[in-house]
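Computed from a prediction, not measured in an experiment: that's the story for all the values here.
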Amino acid sequence: NPQWLISSISAVVRDFEVHAVTLEDTSLLPHSEDLDHLKRNAIVTAPLLHALWKDNTQQERDVLLKVMTKFNMLVDLQRQPDNTQAYLVPALLPCSLSIRNPRAHSDALVIQSN
């Protein structure tokens, strides 16, 4: 049943404004800063992944990590200053394009997508 895979991936790759994660789940409380960092900067830490995937076995978490990195849903980053492993979540990066008119002081075209 692939539903566990889809559910686990969508715990990370999601629109947090539409599908909010609440801190009512006590396993996420110690990771509230990491969760905010994920929402703001599209960077998820290994400890937050573990908390988001708490219902999965270690073997399933390993498979998820391999699948998500293989398909570039997660991009391995160098370890953080505190030696925590972190990953970029490209799908959560804001997209914007701004083309400036060199003869004007305002944008000629602005396209934004989240």
Side-chain angles (χ1 to χ4, degrees):
N1 182 2
Q3 186 60 49
W4 74 271
L5 181 66
I6 294 166
S7 297
S8 299
I9 290 171
S10 67
V12 180
V13 180
R14 66 189 315 150
D15 183 341
F16 286 97
E17 291 181 18
V18 176
H19 304 284
V21 174
T22 63
L23 293 178
E24 293 172 4
D25 181 349
T26 56
S27 69
L28 292 178
L29 282 174
H31 306 286
S32 61
E33 287 182 28
D34 287 347
L35 188 57
D36 288 339
H37 192 57
L38 171 61
K39 293 175 187 178
R40 282 193 321 271
N41 303 311
I43 295 175
V44 64
T45 61
L48 178 57
L49 284 175
H50 193 276
L52 290 169
W53 296 338
K54 69 182 182 322
D55 294 333
N56 298 94
T57 66
Q58 184 60 50
Q59 182 180 11
E60 290 169 335
R61 288 192 292 267
D62 292 343
V63 168
L64 283 164
L65 200 53
K66 285 180 185 174
V67 167
M68 291 183 75
T69 54
K70 178 178 174 78
F71 292 105
N72 294 319
M73 290 181 266
L74 294 177
V75 178
D76 194 3
L77 298 175
Q78 292 182 349
R79 293 195 177 267
Q80 302 300 299
D82 65 354
N83 207 30
T84 300
Q85 182 62 48
Y87 303 88
L88 177 69
V89 185
L92 298 182
L93 289 171
C95 295
S96 66
L97 170 65
S98 180
I99 300 173
R100 298 197 181 277
N101 181 345
R103 297 182 188 143
H105 295 294
S106 63
D107 290 339
L109 173 66
V110 176
I111 301 172
Q112 293 183 323
S113 173
N114 288 337

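- Hydrophobic clustering (ILVMFWY, side-chain heavy atoms < 4.5 Å, transitive): Phe71 and Trp53 are in one cluster.
- Met68 places a side-chain heavy atom less than 4.5 Å from the side chain of Ile9.
- Going from atom OG1 of Thr84 over to atom CG of Leu77 covers 12.0 Å, rounded to the nearest 0.5 Å.
- Closest non-hydrogen pair, Leu52 versus Ala11, comes out as CD1-O, 3.8 Å.
- Heavy atoms only, all atoms of each residue included: Thr57 and Glu60 are closest at N-OE1, 2.8 Å.
- Across all their heavy atoms, Ala86 and Asp76 have their closest contact at O-OD1, 3.8 Å.
- Closest approach of Arg61 to Lys54, counting heavy atoms only: NH1-O, 4.2 Å.
- Distance check: Ser32 OG to His37 NE2 gives 13.0 Å after rounding to the nearest 0.5 Å.
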TODO: Please assess Leu64 against Val12 for the test side chain to side chain contact (heavy atoms under 4.5 Å, CB included), listing each intermediate value before the final yes or no.
DONE: CA-CA 11 Å; Leu64 283 164; Val12 180; over 6 Å; no
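- For the side chain to side chain donor-acceptor pair (under 3.5 Å) test, no residue two or more places apart in sequence or in another chain qualifies with Asp36.
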Task: From CA spacing to verdict: side chain to side chain contact (heavy atoms under 4.5 Å, CB included), Leu38, Ile43 - done: CA-CA 5 Å; Leu38 171 61; Ile43 295 175; over 6 Å; no
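- Partners of Gln59 under the side chain to side chain donor-acceptor pair (under 3.5 Å) rule, at least two apart in sequence or in another chain, do not exist in this structure.
- Contact annotation: the side chain of Leu93 approaches that of Leu88 to within less than 4.5 Å [non-hydrogen atoms, C-beta and beyond].
- Within the 4.5 Å cutoff, no side-chain heavy atoms of Trp4 are placed close to those of Asp55.
- Between Lys39 and Arg14, every side-chain heavy-atom pair lies at or beyond the 4.5 Å cut-off.
- For the atom pair Thr45 OG1 and Leu35 CG, the distance stands at 9.5 Å (nearest 0.5 Å).
- Taking CG of Leu65 as the reference point, atom OH of Tyr87 lies at 4.0 Å (rounded to 0.5 Å).
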